[in-house]
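First the structure, in the form of structure tokens, and then the observations on it.
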Number of protein chains: 2
Amino acid sequence: MYVPGFAGASPEAKAAKNLNNFFNYIASYNREAYEEITEFLGSHSLNDGDKFISELMRESSQHKGLALRILEVRSAYCKNDFEWDNLKRLAIKMVNESNTRLMRDYVLETSPVEAEK
Amino acid sequence: MYVPGFAGASPEAKAAKNLNNFFNYIASYNREAYEEITEFLGSHSLNDGDKFISELMRESSQHKGLALRILEVRSAYCKNDFEWDNLKRLAIKMVNESNTRLMRDYVLETSPVEAEK
């Protein structure tokens with residue numbers, strides 16, 4: 001099956017890049033430093049995880065410690081905690097359920113209303 | 001490890017939802033119907049894959065055929081062609097490489113410039 005390239009990157013590499021940002025987002029949820037992170041988030045976007053960390057490292061020495069902790073957590077999380085098999089199972093299930101729903105909704109919408117007997 | 005919930009959804013379910021949109025994006029790249037799709041994309045966003053398909057189905061009967069083809073392709077793609085093992089390998093590699101780069105850049109930036117001998 002032909003799939004489009006992304007400036008030379010494979011679809012898997014593009015999806016991996018998105019997951020990198022996602023793992024960073026998860027690792028940034030830190031109950032111990034909740035206030036610092038929340039305040040920092042007010043002026044810095046988490047969309048680009050690496051840019052976020054780069055800025056966090058340069059904010060103050062306390063923020064730097066927090067940034068290093070996030071790097072540690074995101075690395076451990078993607079290796080040990082994220083359920084890769086479950087991701088595959090859920091994604092395939094979701095595509096098929098979405099397909100069914102989209103077709104069913106269309107069919108229901110375009111069926112003539114049955115006259116009351 | 002504690003991970004934040006997403007309105008009751010697991011991180012894996014959230015990532016699966018993103019992949020659903022991503023597979024839809026890939027399946028929408030269609031060389032046979034390139035012009036129709038390109039024109040339709042001018043006024044409809046691919047960010048939400050299911051919304052895109054729902055709108056495409058209702059555009060015209062020709063677009064409806066195209067939408068059904070995209071549903072078929074995205075289902076086959078995620079089951080048969082997407083390299084799940086490769087995704088896992090690349091994502092873990094990318095997180096670790098990003099971590100190393102972020103720390104190295106910081107270290108380089110903050111090291112005192114060596115005086116010329």
Side-chain angles (χ1 to χ4, degrees), chain A residues 1-4 10-20 22-29 31 49-50 53-54 57-58 64 67-68 71-103 105-106 109-110, chain B residues 1-4 10-20 22-29 31 49-50 53-54 57-58 64 67-68 71-103 105-106 109-110:
Chain A
M1 182 184 294
Y2 177 81
V3 294
S10 68
E12 290 78 11
K14 178 78 167 95
K17 175 79 188 131
N18 284 335
L19 282 174
N20 185 33
F22 184 64
F23 294 142
N24 193 72
Y25 170 76
I26 288 174
S28 298
Y29 186 93
R31 281 184 293 190
D50 286 355
I53 293 293
S54 174
M57 285 176 104
R58 287 157 178 82
K64 183 167 61 184
L68 289 172
L71 295 186
E72 194 181 331
V73 170
R74 73 183 197 179
S75 175
Y77 179 72
C78 76
K79 272 194 288 238
N80 307 324
D81 293 278
F82 190 68
E83 297 170 0
W84 292 93
D85 293 342
N86 204 18
L87 171 68
K88 177 179 177 179
R89 188 184 62 78
L90 285 172
I92 292 175
K93 183 164 169 269
M94 196 175 288
V95 166
N96 289 319
E97 286 178 355
S98 293
N99 282 7
T100 303
R101 190 180 58 250
L102 285 161
M103 289 188 283
D105 287 353
Y106 184 84
E109 187 184 306
T110 53
Chain B
M1 183 182 293
Y2 177 79
V3 292
S10 67
E12 290 77 11
K14 178 79 168 93
K17 175 79 187 133
N18 286 335
L19 281 174
N20 185 34
F22 184 63
F23 294 143
N24 193 72
Y25 169 75
I26 288 174
S28 298
Y29 186 91
R31 281 185 294 190
D50 287 356
I53 294 293
S54 175
M57 286 177 102
R58 287 158 178 80
K64 182 168 61 184
L68 289 172
L71 294 187
E72 195 183 328
V73 170
R74 74 183 197 178
S75 176
Y77 180 71
C78 75
K79 273 194 287 236
N80 308 323
D81 292 279
F82 190 69
E83 296 170 1
W84 291 94
D85 293 342
N86 204 18
L87 171 68
K88 177 179 177 179
R89 189 183 62 77
L90 285 172
I92 292 174
K93 184 165 169 267
M94 195 175 288
V95 166
N96 288 320
E97 286 177 355
S98 292
N99 282 8
T100 304
R101 190 180 59 249
L102 284 160
M103 288 187 284
D105 288 352
Y106 184 84
E109 187 183 304
T110 54

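All values derive from a computational prediction rather than experimental measurement.
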- Task: Could you look at A/Asn96 and say if it's the side chain, the backbone, both or neither that has a heavy atom under 4.5 Å from chain B?
- Result: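 Only the side chain of A/Asn96 comes within 4.5 Å of chain B.
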- Query: Is it the side chain or the backbone of A/Lys64 that comes within 4.5 Å of chain B heavy atoms, both, or neither?
  - Reply: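 Contact with chain B is through the side chain of A/Lys64 alone.
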[atom1] of [X] to [atom2] of [Y]: how many Å apart, nearest 0.5 Å?
X       : Y       : atom1 : atom2 : value
B/Ser98 : A/Asn24 : OG    : CG    : 9.0 Å
B/Lys88 : A/Leu19 : NZ    : CG    : 12.5 Å
A/Phe22 : B/Lys14 : CZ    : NZ    : 6.5 Å

- Message: Quick check for you: among B/Ile92, B/Leu68, B/Thr110, B/Ile53, which has the greatest number of heavy-atom pairs under 4.5 Å with chain A?
- Response: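 The option with the most such pairs is B/Ile92.
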- Item | Interface residue of largest heavy-atom contact number with chain B, from A/Met103, A/Glu109, A/Arg74, A/Lys79, under 4.5 Å |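 Of the candidates given, the most pairs with chain B belong to A/Arg74.
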- Message: To check you understand the geometry: which heavy-atom pair defines the closest contact between B/Ala15 and A/Phe82, and what is its length?
- Response: CB-CZ, 4.1 Å
- Kindly check if the number of other-residue, nucleotide or ligand heavy atoms within 6.0 Å of CG (A/Asn80) is above 12?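 Enclosed.
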Would a 4.5 Å heavy-atom cut-off, applied to side chains only, mark [X] and [Y] as touching?
X        : Y       : value
A/Asn18  : B/Asn18 : no
B/Val95  : A/Tyr77 : no
A/Asp105 : B/Ser54 : no

- Task: For the pair A/Asp50 and B/Arg101, evaluate side-chain contact (heavy atoms from CB on, under 4.5 Å) and give the outcome as yes or no after the intermediate values.
- Result: CA-CA 9 Å; A/Asp50 286 355; B/Arg101 190 180 59 249; 3.1 Å; yes
